[in-house]
Asker: 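Okay, handing you the structure first.
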Amino acid sequence: MTQETGGFAAFNLNPNILAAVIATGYEEPSAIQHQSIPIIMAGHDMIGQAQTGTGKTAAFALPILHRIDPAKREPQALILAPTRELALQVATAFETYAKQMPGVTVVAVYGGAPMGPQLKAIRNGAQIVVATPGRLCDHLRRDEKVLSTVNHLVLDEADEMLKLGFMDDLEVIFKALPPTRQTVLFSATLPQSIRAIAERHLRDPQHVKIQTKTQTVTAIEQAHLLVHADQKTSAVLSLLEVEDFDALIMFVRTKQATLDLASALEAKGYKAAALNGDIAQNQRERVIESLKDGRLDIVVATDVAARGLDVPRITHVFNVDMPYDPESYVHRIGRTGRAGREGRALLLVTPRERRMLQVIERVTGQKVAEVRLPDAQAVLDARIKKLTNSLSPLVADAESTHGDLLDRLTADIGCTPRALAAALLRKATNAQALTLAAIEKERPLVPNNAPRGDRPERTGDRPDRGDRERRAPVPLAEGRARCRTALGARDGIAAKNLLGAILNEGGLAREAIGRIQVRDSFSLVELPEDGLERLLTKLKDTRVAGKQLKLRRYRED
Ligand code: ADP
Ligand code: MG
């Protein structure tokens, strides 16, 4: 038994279940699991009140698996869930926890799929049936005895089921089950309608209530930003400019991404570190300590590595990669807003992930507002604000300590105090861009993974001819062709306009488009050689900023 699962070991679950929980990587039972598992294992009826993401599935699945008899090939437990998605999630969770219990099978029963195979799976001896109420009633109409062997019933998300109008179906299902069964009801809220059900259908239920999650989620301001996958790093860097954070955790999906993003942040001068499953325990603890005491401000983590991380200084969570499910989203953003403080959670969403955003909004019952990348003005304002904040406390006594020196230096150099102060500012800010024009210039037009020092061209005023002569042409990636349009910066074109037009009208994946260079009087775009002629035909009538794009293959020589 590993020490991390000591918490789960204490329940005395069937060892095969415990082994599966260990394999899943759970370390400690969540609060609802801690309280519910013993009650359900003991066979009591129970009412559990807890928010999304608190781990309710395992809270009932583990003790129910413990109580069923794998040797009996008949339905023994019925779990009702409001939607097909949730039913599938619960069924998958059961399968995970039952992985090491030979002979245990789970069937999911929901609408929109043929009934025959579902009924067959039940009759073939699935012990666990996870169902939406509507579809289950359809089955009952065909075979009213199908549930007669069930002796454990779980109503998961009972309030949602009532909201979806399943009240009558529930009554039909209750009637079809043996009255001696154990009944467990989970719900985020306990309105009168739920209490009435409990009153009628539960026997002497024990109550378990977990409140913390609600508070956590409501104290967090959530927003999302639409980006293309390869623009995430630059989006993160822009956001950091304007977000007023204390400590921040960023979530990504892979170990490599923790390393890449952490080093990109370090390169920009942030105190950042990666946290992933490969990092040794003592190093991991050092990282967390550093985040706590301010030696680090940003940790880039995978879900696994961040598990249990609790640092009150964290004001922001950036979901740089989409979480796999809404529950882990709730877990992630719960890293901020600790101890009743306000927190802010930002989610980067690529076009293909918009559906997941909707699922998150539905499951958490909260709208995740859209934000846009800060524009140059916002970045400038934020930089000046930071500078003001860092300088203003120094002004008070600086004149008494360094005033005379200033007089002497201006005399020695023969410059005005304004000139000297300006020079000192430039030095103190490491020549950071602090005018609108300078910031606009420094922002990459196509923030893709252009190698360092080889930024995409800026909207400059340099004559394009001379520019081309001075530079060796950038080698093309294999399979790409360079195309040219006569539209350029002077036509009000930015790289993102070109990108948008080509993506929309050309029907290409973002990855298919390479570098985009906007010059004053023309622009160059790298497109896939394969199918180029067809693509150019497709784009024949495309307009950008009101003008015809007229994209043509471009030859250097
Ligand atoms: P709820 O039903 O309360 O919304 P879930 O049961 O779906 O929550 O669990 C949310 C997430 O937390 C899931 O991804 C699940 O695998 C994970 N989880 C549950 N219990 C634990 C635990 N003890 N340790 C770590 N992760 C857990
Ligand atoms: Mg659930």
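All of these numbers come straight from a predicted model, not from anything done at the bench. In each ligand, atom 1 is the first atom listed, and ligand 1 is the first ligand listed.
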Asker: List ligand 1 atoms under 4.0 Å from Phe8, heavy atoms only on the residue side.
Answerer: 23 (N)
Asker: Give me each pair satisfying salt bridge (Lys or Arg N to Asp or Glu O under 4.0 Å) with a member in residues 84-106, each pair once, sequence neighbours excluded.
Answerer: none
Asker: Is the shortest distance from a heavy atom of Gln89 to ligand 1 less than 4.0 Å?
Answerer: no
Asker: Apply side-chain contact (heavy atoms from CB on, under 4.5 Å) to Asn14 and list each qualifying residue two or more places apart in sequence or on a separate chain.
Answerer: Asn16, Ile17, His66, Met101
Asker: If we only count N/O pairs under 3.5 Å, is Thr57 in contact with ligand 1?
Answerer: yes
Asker: For atom 3 (O) of ligand 1, which candidate among Glu28, Lys56, His34 provides the closest heavy atom?
Answerer: Lys56
Asker: Heavy-atom contact check, 4.0 Å cutoff: does Phe186 meet ligand 1?
Answerer: no
Asker: If you measure from the Lys or Arg side-chain nitrogens to the Asp or Glu carboxylate oxygens, is any gap between Lys163 and Glu160 under 4.0 Å?
Answerer: yes
Asker: Report, as yes or no, whether the 6.0 Å neighbourhood of atom CZ on Arg362 holds more than 12 heavy atoms from other residues, nucleotides or ligands.
Answerer: yes
Asker: Flag the pair Glu171 and Arg200 as a salt bridge only when some basic side-chain nitrogen lies within less than 4.0 angstrom of an acidic carboxylate oxygen.
Answerer: yes
Asker: Ignoring hydrogens, just give me the one of Gly55, Ser30, Ala81 whose non-hydrogen atom is nearest atom 8 (O) of ligand 1.
Answerer: Gly55
